[in-house]
Amino acid sequence: MDANEPREQGWTQFGAKPPAAGGFPSQDTAILTPPPPPPPAARKPGFTGGQKAIAGLALAAMAIGGGVAGAAITSAFQTPQIVQSAPSPAFKPASNQMTISEVATKVQPSVVMIQGQNAGGSGVVLSEDGLILTNNHVVAANGKGSPLSVKFSDGKTAKAAVVGTDPSTDLAVIKAEGVSGLTKAELGDSDQLKVGDAVLAIGSPLGLEGTVTSGIVSALDRTLNVGGEQEQQIPPGWGRGGQDSAPPTSIGGAIQTDASINSGNSGGALVNAAGQVVGINTAIATNGSNGSIGLGFAIPVNTAKQVADQLAATGAVKHAFLGVSVTDATGDVPGALVRQITENSPAAKAGLKQGDLITRIGDKPVDGGDTVVGQVRGFKPGQQVKIIYMRDGKQSEVTVTLEEKK
């Protein structure tokens with residue numbers, strides 16, 4: 001595999017046979033019966049009977065979610081018991097303190113629902129005049145030139161046109177037409193995230209706009225293999241155009257979260273405790289026919305911003321090129337085995353050879369070919385990158401100056 005091309009193996013956010021963006025898997029939905037209400041004795045901390053029923057509904061919704069990315073449905077199934085529950089837990093970042101509800105109130109106006117002929121998703125407002133960041137697979141699922149519309153948090157809608165797409169990072173920018181004075185999102189610094197940080201996922205899972213779920217950052221710097229499968233099933237009423245989903249790609253540096261993620265939240269916001277967008281929700285891990293297993297993934301906002309700026313300015317993105325074809329190593333030492341070197345490429349100029357075992361690229365340990373692919377996708381043309389590799393049992397180090405991919 002080429003370090004600038006997608007891998008063909010490994011789990012994806014779609015399971016074994018994924019639907020297109022916004023799609024529903026074909027497995028049966030489990031019906032979860034709410035437990036009996038608690039006795040009228042002294043109430044203890046935790047779920048009430050009504051809240052357990054809501055949890056059941058949320059799990060049932062997850063069973064039909066599948067596919068790309070999402071959030072929860074608490075806003076659609078609230079009951080009097082929820083209204084009477086304890087105050088919203090507080091986020092406690094070092095420089096701020098906001099409750100979950102305060103963070104949600106701040107960010108919801110900056111997150112939109114995107115609707116198309118064949119599929120839908122979510123997006124994040126970048127400018128007051130309508131630039132919106134979303135996933136490429138949300139746009140690609142509707143086909144080239146297919147009409148899009150955007151629904152805002154106040155219920156208003158607008159037509160939207162594609163400004164530019166970048167399949168390599170699964171990002172796209174669209175522009176809502178005839179709008180002004182929008183509330184643009186405050187972008188944070190994804191490099192400052194730590195495992196255990198509190199986050200919210202905000203978007204339109206299962207077509208339920210303005211939905212919020214909470215969780216933590218459960219891991220950082222994941223490498224994802226996404227896209228490349230034919231759609232199987234899409235939500236009722238969204239039409240069936242027979243369009244292919246986005247082409248396969250590998251994404252490096254992804255944020256892993258346990259905030260509830262479902263189909264339709266692709267392109268939505270992952271938000272930190274200060275109400276800043278730190279990621280673009282993109283994928284879920286699945287275990288095949290059983291759908292979501294509770295792990296979602298987001299593209300770091302630092303990567304997303306870099307791509308969005310280029311798309312907004314020119315409609316295209318310049319990507320770095322290393323010039324190696326790699327595969328997973330077999331043996332005692334983890335890494336990426338170089339299968340082929342492109343002639344006159346940055347890798348060739350730096351002295352890398354076929355058979356070298358790359359064990360580290362930049363500041364990232366390499367545990368397989370996906371790591372190299374994902375890391376290169378996150379670099380810029382002209383950037384100098386340190387690569388550590390093994391050759392004939394000896395460790396060596398080289399600095400590569402990446403070039404623009406033609």
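It should be emphasised that the depicted structure is a prediction, and the values quoted were computed from it without experimental measurement.
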- prompt: Do the side chains of Thr183 and Ser110 get nearer than 4.5 Å, heavy atoms only?
  reply: yes

statement: What one should report as the nearest heavy-atom pair of Val150 and Ala160 is CG2-CB, 3.7 Å

- request: Hey, could you give me the CG/CZ distance between Leu220 and Arg222, rounded to the nearest 0.5 Å?
  value: 9.0 Å

task: Could you tell me the separation between the OG1 atom of Thr134 and the CD1 atom of Ile114, rounded to the nearest 0.5 Å?
output: 3.5 Å

task: For His319 and Thr169, run side chain to side chain contact (heavy atoms under 4.5 Å, CB included): C-alpha distance rounded to whole Å, both residues' side-chain angles, the deciding distance at 0.1 Å, then the answer.
output: CA-CA 10 Å; His319 287 290; Thr169 56; 3.9 Å; yes

- request: Working to the nearest 0.5 Å, report the span between OG of Ser266 and CG of Asp170.
  value: 7.5 Å

query: Got a sec: does the CD of Glu343 have more than 12 other heavy atoms crowding it under 6.0 Å?
result: no

- line: When rounded to the nearest 0.5 Å, the distance separating OG of Ser127 from CG of Leu133 is 11.0 Å

field: Thr213 versus Ser260, closest heavy-atom pair with distance
entry: OG1-O, 3.1 Å

query: Crowded around Lys184 NZ? As in, over 12 foreign heavy atoms under 6.0 Å?
result: no

task: State, without any angle test, whether Thr282 and Asn135 hold a side-chain donor-acceptor pair at a distance under 3.5 Å.
output: yes

query: Does a side-chain heavy-atom distance below 4.5 Å link Ile361 with Val400?
result: no

message: So Ile255 and Leu193, do their side chains get closer than 4.5 Å, heavy atoms only?
response: yes

task: Take Leu171 and Asn136 through the test side chain to side chain contact (heavy atoms under 4.5 Å, CB included) and record every step on the way to the result.
output: CA-CA 4 Å; Leu171 291 168; Asn136 174 67; 5.8 Å; no

task: Would you name the heavy atoms of Gly130 and Leu182 that are closest together and state the gap between them?
output: CA-CD1, 3.6 Å

query: Listed by chain and number, what are the side-chain contact (heavy atoms from CB on, under 4.5 Å) partners of Thr359, not counting sequence neighbours?
result: Val333, Leu357, Ile388, Met390

- request: Check whether any side-chain heavy atom of Leu131 lies under 4.5 Å from a side-chain heavy atom of Lys175, and answer yes or no.
  value: yes

- prompt: So, do Thr157 and Met113 sit near enough that their side-chain heavy atoms are less than 4.5 Å apart?
  reply: no

query: Are Thr257 and Val217 close enough, and set up right, to give a side chain to side chain contact (heavy atoms under 4.5 Å, CB included), and what steps lead you there?
result: CA-CA 5 Å; Thr257 178; Val217 174; 5.7 Å; no

query: Can you check whether Arg360's main-chain N or O pairs, donor with acceptor, with Lys386's side chain at less than 3.5 Å?
result: no

field: Residues Gln375, Asp221; criterion side chain to side chain contact (heavy atoms under 4.5 Å, CB included); working and verdict
entry: CA-CA 10 Å; Gln375 288 296 105; Asp221 214 15; 4.0 Å; yes

message: Can you confirm whether Phe379 sits close enough to Leu322 that some side-chain heavy atom of one is under 4.5 Å from a side-chain heavy atom of the other?
response: no

message: Please report the interatomic distance OG1(Thr165) to CG(Leu311), rounded to the nearest 0.5 Å.
response: 7.0 Å

message: Tell me the closest heavy-atom pair linking Ser214 and Leu200, and the distance in Å.
response: CB-CD2, 3.3 Å

query: Is there a donor-acceptor pair closer than 3.5 Å between any side-chain N or O of Thr327 and the backbone N or O of Leu337?
result: no

Backbone of Ser325 reached by a side-chain donor or acceptor of Gln340 within 3.5 Å: no

message: If I compare all heavy atoms of Ala269 with all of Val277, which pair ends up nearest, and what's the gap?
response: CB-CG2, 4.0 Å

query: Does Tyr389 reach the side chain of Val338, with side-chain heavy atoms less than 4.5 Å apart?
result: no

- line: Scanning both residues in full, the closest heavy-atom pair of Pro109 with Ser153 reads CA-OG, 3.2 Å

- request: Sequence neighbours left out, what passes side-chain contact (heavy atoms from CB on, under 4.5 Å) with Gln354? Give chain and number order.
  value: none

field: Backbone N/O of Leu295 and side chain of Asp258: donor-acceptor pair under 3.5 Å
entry: no

query: Can you find a heavy atom in the side chain of Gln192 that is under 4.5 Å from one in the side chain of Val278?
result: no

message: Working to the nearest 0.5 angstrom, can you tell me the gap between Ile358 CD1 and Asp356 CG?
response: 7.5 Å

